[in-house]
Amino acid sequence: MANNIEVKDLLDAGVHFGHLTRRWDPNMAPYIYMERNGIHIINLYKTAAKIDEASEALKKIAASGRKILFVATKKQAKEIVAEKAAKANQPYITERWPGGMLTNFVTIRKAVKKMAAIDRMKKDGTFNTLSKKERLQVDRLRAKLEKNLGSISDMTRLPGALFVVDITREHIAVKEAQKLNIPIFAMVDTNSDPRQVQYVIPANDDASKSIDKVMTYVSDAIIEGLSERKASKETPKAEAPAKAEKAPAKTEAPAAPVVEAPAKTEEAPAVTEAAKQEEE
């Protein structure tokens with residue numbers, strides 16, 4: 001992955017632009033290259049290394065079959081994150097973060113099941129038996145659930161990791177993941193505390209170009225991990241017929257001792273005749 005990450009590409013996308021110097025978090029000092037015109041400039045060589053590290057970890061999580069939940073509710077990140085997450089077949093939250101999404105996951109699952117129940121009502125005709133007012137209420141509820149939870153309808157258990165764009169804005173999601181020891185991957189700008197995150201990607205989390213560039217590397221790594229998982233599942237199936245063909249060869253081995261049995265039975269009469277002559 002490291003060879004694919006070009007510092008020039010990150011520079012062109014504006015990944016290096018941090019916040020105003022007066023709004024910085026001192027814990028981001030190791031990732032800051034310099035200050036120019038009152039703005040902190042992020043060290044892109046460190047960003048490239050961190051993207052590589054995060055990509056490898058995300059690739060392993062995807063290959064293990066666990067889901068990675070993407071969280072980005074800010075306006076400039078919504079569409080980009082939704083598109084990249086959907087491409088990698090991963091759940092995402094781009095509307096308001098539902099409180100207790102992780103810590104009270106059972107309740108969230110109930111809401112998702114309610115959405116599925118409404119869909120079944122529409123299929124089996126039960127929906128049409130309701131009054132006009134009730135149908136309207138059910139439709140509104142379905143639309144609300146779809147907007148907030150539609151993207152996580154396939155997430156039947158807690159995610160294997162969380163990917164966050166702007167940890168300051170998504171602090172509730174970060175706190176919930178910390179409480180459940182879920183690893184957090186995040187784009188961290190110069191105004192945020194990187195100590196809250198296990199896999200820090202120092203980057204501009206406000207510009208859409210910057211978000212798009214980092215998300216492209218991340219989603220590609222996840223897709224690669226998923227393809228590896230698919231390949232590993234297919235190889236045992238290919239090996240199974242070969243093992244089945246070898247099995248009959250082992251059953252033929254015991255046939256050899258059966259052939260020797262008649263030879264011993266022929267010798268038996270000769271011995272008995274000799275014994276009779278001695279007795280006479």
Side-chain angles (χ1 to χ4, degrees), residues 1-19 21 23-36 39-64 66 68-72 74 76-77 80-81 84-85 87-88 90 159-170 173-174 177-178 181-228:
M1 288 294 298
N3 296 330
N4 298 333
I5 301 168
E6 292 288 341
V7 172
K8 188 180 180 301
D9 292 341
L10 296 175
L11 188 70
D12 292 341
V15 177
H16 59 295
F17 290 119
H19 278 272
T21 51
R23 290 183 59 196
W24 80 311
D25 189 301
N27 294 300
M28 278 297 287
Y31 305 108
I32 294 171
Y33 176 64
M34 64 182 292
E35 177 247 317
R36 179 176 290 176
I39 294 172
H40 277 130
I41 304 297
I42 295 166
N43 188 332
L44 290 181
Y45 288 99
K46 289 192 176 182
T47 301
K50 288 293 183 180
I51 291 173
D52 184 49
E53 183 188 337
S55 297
E56 283 299 320
L58 287 167
K59 183 178 162 185
K60 286 178 183 176
I61 292 168
S64 71
R66 288 173 295 168
I68 295 131
L69 178 62
F70 288 83
V71 185
K74 58 164 58 178
Q76 57 270 47
I80 297 164
V81 171
K84 300 293 181 184
K87 185 183 173 185
Q90 300 299 321
L162 210 68
F163 189 97
V164 181
V165 178
D166 193 345
I167 58 172
T168 303
R169 186 185 176 96
E170 315 299 345
V174 171
Q178 286 171 344
N181 294 322
I182 296 171
I184 305 166
F185 297 74
M187 287 179 68
V188 183
D189 213 328
T190 56
N191 67 330
S192 302
D193 184 0
R195 295 175 300 174
Q196 299 179 57
V197 178
Q198 284 87 344
Y199 294 88
V200 178
I201 300 175
N204 178 358
D205 61 12
D206 292 311
S208 54
K209 276 188 179 180
S210 172
I211 296 165
D212 184 60
K213 180 58 68 177
V214 174
M215 283 298 301
T216 300
Y217 288 126
V218 167
S219 60
D220 286 348
I222 293 169
I223 291 166
E224 197 177 330
L226 291 172
S227 60
E228 280 182 13

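Predicted, not measured: the structure shown is a model, and the values here were computed from it. Sequential numbering from 1 along the given sequence is applied to the chain's residues.
- In this structure, the side chain of Gln76 does not engage the main chain of Ser208 through any donor-acceptor pair within 3.5 Å.
- The two residues Val15 and Ala203 come nearest to each other via the heavy atoms CG1-CB, 3.5 Å.
- Counting only heavy atoms from C-beta outward, the side chains of Asn204 and His16 never approach each other to under 4.5 Å.
- One N or O on the side chain of Thr190 and one on the backbone of His19 form a donor-acceptor pair closer than 3.5 Å.
- Across all non-hydrogen atoms, the minimal contact from Leu162 to Ala177 is CD2-CB, 3.7 Å.
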- Task: Start with the C-alpha gap between Ile42 and Asp189, add the side-chain angles, then the distance that decides, and say whether side chain to side chain contact (heavy atoms under 4.5 Å, CB included) holds.
- Result: CA-CA 9 Å; Ile42 295 166; Asp189 213 328; 4.1 Å; yes
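- Taking each heavy atom of Asp205 and Ile211 in turn, the nearest pair found is O-CD1, 3.6 Å.
- Here the NZ-CZ distance, from Lys84 to Phe70, works out to 11.0 Å after rounding to the nearest 0.5 Å.
- Of the inter-residue distances, the one linking Leu69 atom CG with Phe163 atom CZ reads 12.0 Å to the nearest 0.5 angstrom.
- Here the shortest heavy-atom pairing between Ile201 and Val218 reads CD1-CG2, 4.5 Å.
- The shortest heavy-atom contact between Val200 and Pro194 is CG2-O, 3.5 Å.
- From Met187, atom CE reaches atom CG of Asp206 across 9.0 Å, with rounding to the nearest 0.5 Å.
- The shortest non-hydrogen separation linking Tyr199 to Ala54 is CD2-CA, 4.3 Å.
- Contact annotation: the side chain of Leu226 approaches that of Gln90 to within less than 4.5 Å [non-hydrogen atoms, C-beta and beyond].
- For the pair Phe17 and Ile41, the minimum side-chain heavy-atom distance is below 4.5 Å.
- The shortest distance between side-chain heavy atoms of Ile32 and Trp24 falls below 4.5 Å.
- For the pair Ile184/Gln196, no side-chain contact is recorded, criterion being any heavy-atom separation below 4.5 Å from C-beta on.
- Rounding to the nearest 0.5 Å gives a distance of 10.5 Å between CE of Met215 and CG of Asp220.
- When side chains are defined from C-beta on, Asn43 does not count as touching Pro202, because their heavy atoms never get closer than 4.5 Å.
- When only modelled atom types and interatomic distance are considered, Asn27 and Asp25 share a side-chain donor-acceptor pair under 3.5 Å.
- If you take CD on Gln198 and CD on Glu53, they are separated by 11.5 Å, rounding to the nearest 0.5 Å.
- Expressed to the nearest 0.5 Å, how far CD1 of Ile222 lies from CD1 of Ile68 amounts to 4.0 Å.
- In this structure, Leu10 and Ile51 have side chains that are in contact, with non-hydrogen atoms separated by less than 4.5 Å.
- The number of heavy atoms from other shown groups lying within 6.0 Å of NZ (Lys74) is above 12.
- Side-chain contact between Ser192 and Met28 is absent, with no heavy-atom pair separated by less than 4.5 Å.
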